[in-house]
Each structure stands twice: as C-alpha cells, then as structure tokens.
Amino acid sequence: MTSSNIIQDINVTTRQPAQSVSTESAYTQHSLKNFSQTEVPEGCLVVMQTAEFLPWDNADNLISQETEQWVELVVNGVTLPILFIISSVTNVINMAVFYRHGLKERVNLCLFALSFVDFVYVLQSFVLYVDKLYLAITGDSRVGVLTLFFVKNMLLGLTGFSWASGFMSAVVACERCFCIVSPLKSKTFLETKTMAMIILVSTVLIVGGMFVVMAQWDVVCVFDPVSLSTSHLVFPSKFFLDNRQVLELFDAVVYGIAMPGFCLTTVTIATLVIGIKLRQMATWREQSSSAASMSSRDLALTRMLVATSILFIVSLLPALVLRVAIFAEPELSLSGRYYNTFNLLISFSQLFTYVNSSVNFFFYYFIGTKYRETVRRMFGKPMEKDVSVMSTSVSHTR
C-alpha cells in the first residue's frame, strides 16, 4: 500500500482531489472586498475553491460516481467491519495458541509475529474507514476527527504494518522451505534469537519507512469567501515540498516495487520448492519404507503454511495488477479521467489484503492438528483423542 492508496482513503467527502491542487495556489490568501477578515475562522486559510475540475464526473469514466460510492459503502461499511471482527478474535487466538506452543521454537515465533502485525493492520484500517463512513453517511465535508488525529500526529505510518505482514509471510515461507530442504542444518543454522532480531529490525524499518513517507501529508483548514464555508483538505506538507524527489523515489521504489516484488517472488518460489519436495518425499515413501520422511506433525504444519502462502499470493496479485494498470494508463489516478475506476480498483485490492490478514486462523484450525487440539483445550472442549478414549471406556463398562 503506497501513499497514493492512503490519500484515496482519507480524501474528504467534498471529493476535492489532493493531487489536482497545487500547494502554492492552495495556500495563497485572497483579498476580496465582499467579506470581512473577521469572518475567517482562526487558523484557516482563505482559498477560492472552484468546481472546474471534477474527475469523478468525467464523461470518460468507465464507472459512474454512484457505482463507485456504492461499492465503497459495501466494502467499507459492511465487509471491513465483518473482517475486523473476525481478524480481532482470530488473531488474538492465534497469538495465544503460538505463545502456548512456545516462542522458543522458530516457527511459532514467526507465526505469532505474523498474527500480531495482521491484527494491527486491520485495526488501523477499520478505524480510518469508520471515520470515512461516518462522514459519507452524515454528508459532512470535513476530514473526520479520527483521520485528523492520525494525520496531525503522523500515525498514518501504521499502514506500514500491511507490508510488515507481507514480509512476515515471506519469512514464514522461507523458514518452512529451509526446514524441508535441509532439516538438519535448519535446526542449528538459524537460532530463534537471531530470527527474533530479524523480525524486530525488519518490522521497525518497514513501518518506520512508511511513517517517513506518510509525513508528506498535512491537514489544512480552508475558508471559501464565496460560499462562506469552512472545510479541511489534505495537502502536501512542508516536509514533502522540501524533500519531494527523495520521498517520491523512496515511496515508488521501496513500497511500490521492492516490497511487493520481494514478497511475491519469495513466497512463490518457497511454496513451489516446498510442493516439489513434498511430492518427492511421497514418492520415496512409496518406493522404500526406509526412506527419510517427515513426522506427521511437521507434514501437517508444512501443508498448513503452504495453504496460507497460496492465500497470500492470491491476495497480493490484485495490487500488482493495479500497479501495472496505472503504469500503462496514466489517466488511472486521483486526478485522471478514470478517477472512479481508480478508486474502485483500490477498494478491491485492499479488500483482498484484509481477507489475507483475517482468515489464517481457519487454515491453522482445519489443517493443523496440534493447533486444533490447543484451541479445543483453551475453550474447554475435549480433544479428539480424549473423545475416542471416553467412548471406548463407556463401551467397556457396558
């Protein structure tokens, strides 16, 4: 998720595109004879707003404004709250289970960290979208209170947890691939403490970098002397104007190309290698009973993580397709002719990332035997083996 995605999320309901208004012109105060300076709210700039540029009403738009708004309402007002509830409950359960399994084991540490960053990512997304949804329902033309708080306190960098989640998925895939390809070396080559440091440092760098990128936005109070109305608009900050080329290059290269490319390539290759290795091991078992094989627990764990890796790959593809489409068609942007289509595609691509961060629990539960047994213990339900033993005992007493 790059900064262009974020500014689309927090765009004010006046539909004023942040990229279509230059900061210099927006900050220019106008002196008009028809109003008194006493009418200007304290701290607001006087800005002449016009409606000459309305990309959402462009006749070339492939999708109408009404369709785009309805889709956003469904995604933000219905789907995201449901996914937030699912994510909150399941990721907390995930962290509790992997903590019980022992964070001294490398794979448990990785899966615990993945559940944590997924939880934070969906939480902050839900907070921002609730704010945006409230403004859409009330018809308010201001930036929401929560969004204003996020921008003013430079908390938009929390969206970096989306890429921290992607990086953790790549780490989990590599860890499992290493265990399959070289099980003996994997136990001694990379210690749990080393993995913990890799996870911590990488998360800090990824999220910290997004904080730097998101510092390019600021909220400005503006007063229109024609309509005598006050609103808040999102504009580039002074920090961005002073470091524009560096920030744009950093955002485009790191979060636009490097992170998605690395995560997708790494997870795909690791998943393919694991799949090939599992097939080879199945063939060896058929040909020779003495052939080396994995334990049933490791096999179930590997299959579980392969399933989550495939989900990650599928969830990341829409964002990559969108980025290719933007590169091929410059008008697919916040200030282009295909404004509505751009917003709609972003909503769909983000929806896939929310799903990826919310449903890992179901893969863990239905594929992972040990995980399922731990969850059943946590909620006071007998394990499958215990139920079988109890049934046998009852039949013997009869």
Side-chain angles (χ1 to χ4, degrees), residues 1-28 43-45 47 49 53 55-56 72 76 120-121 123-136 140-164 206-223 230-256 259 319 323 326 333-336 339 342-343 346-347 349-350 353:
M1 180 181 293
T2 61
S3 61
S4 62
N5 301 127
I6 305 304
I7 196 61
Q8 182 268 347
D9 295 341
I10 64 176
N11 200 11
V12 292
T13 55
T14 53
R15 314 290 290 195
Q16 180 68 36
Q19 293 183 353
S20 67
V21 182
S22 66
T23 306
E24 291 79 1
S25 62
Y27 285 1
T28 302
C44 287
L45 300 174
V47 178
Q49 298 196 41
F53 182 76
W56 48 89
E72 281 201 1
N76 303 332
V120 176
Y121 168 56
L123 174 62
Q124 66 84 27
S125 298
F126 178 73
V127 170
L128 289 178
Y129 275 120
V130 164
D131 206 30
K132 183 181 178 184
L133 181 63
Y134 173 78
L135 294 180
D140 201 332
S141 62
R142 300 171 299 172
V143 175
V145 176
L146 295 176
T147 302
L148 181 63
F149 178 80
F150 267 65
V151 176
K152 286 288 186 181
N153 293 278
M154 296 186 292
L155 295 178
L156 289 178
L158 291 174
T159 54
F161 276 97
S162 63
W163 286 119
I206 293 171
V207 178
M210 185 58 77
F211 269 93
V212 174
V213 171
M214 288 297 105
Q216 65 181 286
W217 302 114
D218 196 6
V219 174
V220 179
C221 173
V222 296
F223 176 77
T230 303
S231 62
H232 288 82
L233 299 179
V234 178
F235 284 101
S237 64
K238 185 178 184 302
F239 173 72
F240 171 76
L241 297 177
D242 294 339
N243 306 276
R244 180 166 187 165
Q245 292 183 343
V246 175
L247 284 175
E248 288 183 341
L249 181 63
F250 180 76
D251 184 22
V253 172
V254 176
Y255 296 101
M259 283 301 301
R323 182 156 295 278
I326 293 174
S333 67
L334 286 171
S335 58
Y339 175 91
F342 176 75
N343 284 346
I346 284 183
S347 295
S349 65
Q350 291 178 341
T353 64

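- Contact record, Val207 with Ala164: CG2-CB, 4.3 Å, taken as the closest heavy-atom pair.
- Once rounded to the nearest 0.5 Å, the distance linking CZ of Arg244 with CG of Leu249 reads 13.5 Å.
- Counting heavy atoms from C-beta on, the side chains of Leu247 and Phe239 come closer than 4.5 Å.
- In this structure the side chain of Phe150 reaches within 4.5 angstrom of the side chain of Val127, judged on heavy atoms.
- No donor-acceptor distance shorter than 3.5 angstrom exists from the side chain of Tyr255 to the backbone of Phe250, with no hydrogens or angles considered.
- Here the closest heavy-atom approach between residue Asp218 and residue Ser237 is recorded as CB-CB, 3.9 Å.
- With hydrogens and angles ignored, the 3.5 Å screen pairs no side-chain donor or acceptor of Gln350 with any backbone N or O of Ser347.
- Looking only at side-chain heavy atoms (C-beta outward), Gln216 and Leu241 stay at 4.5 Å or farther from each other.
- In plain terms, the two heavy atoms of Leu128 and Leu156 that are nearest each other are CD1-CD2, 4.0 Å.
- Across all their heavy atoms, Ser162 and Tyr121 have their closest contact at CB-CE1, 3.3 Å.
- Across every non-hydrogen atom of Ala215 and Met154, the tightest pair is CB-SD, 4.2 Å.
- In this structure, the side chains of Leu123 and Leu158 stay at 4.5 Å or more apart for every pair of heavy atoms.
- Aromatic ring orientation, Trp217 versus Phe240: parallel (interplanar angle below 30°, classes split at 30° and 60°).
- Considering CE of Met214 and OG1 of Thr159, their distance stands at 5.0 Å, rounded to 0.5 Å.
- Residues Phe161 and Gln124 fail the side-chain proximity criterion, which asks for heavy atoms closer than 4.5 Å.
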